[in-house]
Amino acid sequence: MKPCIFFFVFLSSSLLFSQDHSHQSNGALSFPDVPGYKTLTTDFHQHTVFSDGSVWPNIRIMEALRDDLDAVSMTEHLEYQPHIKDIPHPDRNRAYEIALAEAKNHELMVIAGSEITRDAPVGHSNAIFITDANKLIHDKAEDAFAAAKEQGAFVFWNHPAWYPQNPNGNPKLSDFQKERIKNGELHGIEVINDGDYAEEALALALEQNLTIMGTSDIHGLIDWHFKEEGHSRPITLVLAKERSKASIKEALFAGRTVAVFDDLMVGKAENLNPLLKASVQIESATYINNTSVLQVKLKNNTSCDLLFENEMPYTFYSNAPVFTLKAKSSTTLQIKTLEQKEVLTLKLKALRAYVAPKVHPVIEWQVNVKSN
Ligand SMILES: [Zn+2]
Ligand SMILES: [Zn+2]
């Protein structure tokens, strides 16, 4: 018997170790795939000691693993290097290389990036999918953007509403940036940066057809800055054909993203609507005996609490017309359909989601009623 028990203990402990290697915490971020695309969680704006951040790049990877992200980027300021005397690094690719090595045994994808850092009217922009950060260092900002384009980079405007550069907190697209967009050198815009959702940035994204981004821009620790303050880290959901770097790049250039911060979701209707539709699953639908009160059980497949308002001609029994579908939980609506139906269109407005400034998406689901 003894060797058998020993073997069993050995086997189960090694299984435990392999599970532990996922590093996931309870706050892992998760969203369902949508038809045709994988929904990948990403944070493409982060700092380490290789610019003005406070941590070594390996910590950024450990944080991302705890949040179960699919892809990240270290985006050090090329032109702002407050730690350079303590940490000299003539090769500006070091943060990326260290992060890449840390992520080696994990599925987390690390994308090379840098933050091109200038005063207004140029502002700050992240170039990701670069091949060499050193070649992005130029006196003239025009040359930095041209070099990023030469490397095939995806470039987005960071914190466009940042008041040190826009004192009224409203982003203003400069002539320099208009020129970059025209040249195919600026492709996206942060609509969510850190805790700030800027409606004006969303308006600009739609007007200029820029890809909508949401990023943490973390300098300290994700846990201290967001989680201990009761927040989730801001992320960009990328709707990618496959789970690969090439697919993420293709999706970013094609604009298939949704920015998320806590329970707020911001995206173009063609991306956000299918995501919300996939986020809610109809688990069952049956009438209460001899009544026309339909009980519909809904499941929220995301790590966000979803706030909905009833948009149907029918009212609810025992539910307020505005209700929360808690993250990863089920809730049952009682809908007064006035007569028993075989099929019902459930129609809800997502009150914490935006497809344009002040515009909430309205989502429909077909509910097939199970006869009693
Ligand atoms: Zn910046
Ligand atoms: Zn930054």
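As the structure lists them, so they are numbered: ligands from 1, and atoms in each ligand from 1.
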Handout entry: Six-ring centre of Phe176, Arg180 cation under 6.0 angstrom, axis tolerance 45°
Key = yes
Exercise for the section: May I ask you to determine how many protein N/O/S atoms are under 2.8 Å from the Zn ion (ligand 1)? Expected result: 3
Problem - Within residues 188-209 or reaching into it, pairs that qualify as ring-ring contact (aromatic ring centres under 6.0 Å, His included) - sequence neighbours excluded - result: Tyr197-Tyr354
Practice task
Could you tell me whether a side-chain N or O of Arg256 sits under 3.5 Å from a main-chain N or O of Leu239, the two making a donor and an acceptor?
Solution key: yes
Practice task
Could you tell me whether a side-chain N or O of Thr332 sits under 3.5 Å from a main-chain N or O of Val296, the two making a donor and an acceptor?
Solution key: no
Exercise for the section: May I ask you to decide if Thr75's main-chain N or O and Ser114's side chain share a donor-acceptor pair within less than 3.5 Å? Expected result: no
Completion exercise
side chain to side chain donor-acceptor pair (under 3.5 Å) test vs Lys268 passes for just one of Thr257, Asn273, Thr211, Asn209, namely Asn209
